[in-house]
Each structure stands twice: as C-alpha cells, then as structure tokens.
Amino acid sequence: MPRSALGQERTIRIGALVGRRNSIFLPGILKRLGELGYVEGRNLVVEYRSADGMPERFLALARELIDAKCDLIFAIGAEQGARALIDAKSPIPVVILANEY
C-alpha cells in the first residue's frame, strides 16, 4: 500500500477512459485492485469518463483525466481512447486494454 510521508495510507486516484459505460473489463480490474488492497471508497478513487459511443469525445475526456491528476489511467475498449491519451501527451502512466474496430 502506498503510504504518505506521515505513514498513513494514501488514497490512489485511477482514471478509466471507456468507449461505453458498460465496459466488460472494468469490473475485473476493480476486483483485482480490491484483491491487492485498493478498495473504491476506502483508499481508491476511480474517475470514470465514457465517450458513450461518440469517438469525437475521447480527446476532451482524456484531458479531463489528466487534469484530475490521476495516478494511473486505464484506456479501456475502443482504440480511440488509447490514441486520445497519446495525443493528449499524458504524463501519467497509461494501461491500454483496447481493440480495433
């Protein structure tokens, strides 16, 4: 678990950029994070952004997640989400779970 300078457990902020709200990957990711001790509402905040099937929204959503100062961003689903994070020049580590359409 990440700890602050005072030894307290630090809250982790993870971004999830998805093509549609009902991502089949996100529940598994959250389950595994929970197994590793990162529980949403306790020491994990998840910033969800969905393009809702409109690819033109990805770049603005990617920038929102970067501005939210996430510790890590998952680009889940359509390839456009991963490309948007690359185009936005994210300084934040990105995990890509994408497929081509």
Side-chain angles (χ1 to χ4, degrees):
M1 289 296 154
R3 302 250 175 220
S4 72
L6 298 174
Q8 297 173 343
E9 191 172 12
R10 182 171 83 86
T11 298
I12 301 298
R13 182 175 303 277
I14 292 181
L17 180 58
V18 300
R20 297 198 179 276
R21 290 197 187 272
N22 297 325
S23 167
I24 62 171
F25 297 108
L26 195 52
I29 292 168
L30 294 176
K31 179 179 185 245
R32 181 62 182 139
L33 286 169
E35 292 168 356
L36 294 170
Y38 300 100
V39 178
E40 195 170 8
R42 188 178 82 206
N43 61 353
L44 173 66
V45 173
V46 180
E47 295 283 347
Y48 297 97
R49 299 294 186 279
S50 172
D52 293 323
M54 295 181 277
E56 65 275 8
R57 294 186 62 207
F58 277 112
L59 187 56
L61 296 171
R63 288 187 177 132
E64 283 182 23
L65 290 174
I66 292 167
D67 291 344
K69 303 211 183 307
C70 294
D71 295 293
L72 176 73
I73 300 173
F74 284 94
I76 304 170
E79 176 185 358
Q80 294 97 333
R83 290 197 184 281
L85 285 161
I86 291 167
D87 291 347
K89 298 181 177 21
S90 174
I92 299 163
V94 175
V95 175
I96 300 170
L97 297 166
N99 49 351
E100 288 186 58
Y101 287 100

### Query
Rounded to the nearest 0.5 Å, how far apart are CG of Leu33 and CD1 of Ile12?
10.0 Å

### Query
Should Leu26 and Leu72 be regarded as members of a common hydrophobic cluster, given that ILVMFWY residues are connected when their side-chain heavy atoms come within less than 4.5 Å of each other, either directly or indirectly?
yes

Taking distance alone, no hydrogens or angles, what donor-acceptor pairs closer than 3.5 Å link side-chain atoms of residues 82-89 to residues at least two apart or in another chain?
unit_1, atom_1, unit_2, atom_2, d
Arg83, NE, Glu79, OE2, 2.7
Arg83, NH2, Glu79, OE2, 2.4

#### Entry: Joint hydrophobic cluster, Tyr38 plus Val45, side-chain heavy atoms closer than 4.5 Å
no

### Message
Check for me, please, whether Ile66 and Ile96 land in the same ILVMFWY cluster - side-chain distances under 4.5 Å, paths through other members count.
### Response
yes

#### Entry: Any residue meeting salt bridge (charged side-chain N to carboxylate O under 4.0 Å, His left out) with Lys69, in chain and number order, not counting sequence neighbours
none

### Task
Rounded to the nearest 0.5 Å, what's the gap from OG on Ser23 to CG on Leu97? Could you check?
8.0 Å

#### Entry: Spacing of CG belonging to Leu17 relative to CD1 belonging to Ile73, to within rounding of 0.5 Å
8.0 Å

#### Entry: Separation of Ile92 CD1 from Ile14 CD1 (nearest 0.5 Å)
11.5 Å

### Query
Could you state the interatomic distance from CZ (Phe25) to CD1 (Ile76), rounded to the nearest 0.5 Å?
8.5 Å

### Nearest heavy atoms of Asn43 and Gly37, plus distance in Å
ND2-O, 2.8 Å

### Query
Rounded to the nearest 0.5 Å, how far does CZ of Arg13 lie from CG of Leu44?
9.5 Å

### Query
Is atom CG of Asn22 surrounded by more than 12 heavy atoms (other residues, nucleotides or ligands) closer than 6.0 Å?
no

Atom pairs and distances, donor-acceptor, side-chain atoms in residues 48-56, under 3.5 Å, two or more places apart:
unit_1, atom_1, unit_2, atom_2, d
Tyr48, OH, Glu40, OE1, 3.3
Tyr48, OH, Glu40, OE2, 3.3
Arg49, NE, Glu64, OE1, 2.6
Arg49, NH1, Glu47, OE1, 3.2
Arg49, NH2, Glu47, OE1, 3.4
Ser50, OG, Arg21, N, 3.3
Ser50, OG, Asp52, N, 3.1
Ser50, OG, Asp52, OD1, 2.9
Asp52, OD1, Arg21, NE, 3.4
Asp52, OD2, Arg57, NH1, 3.3

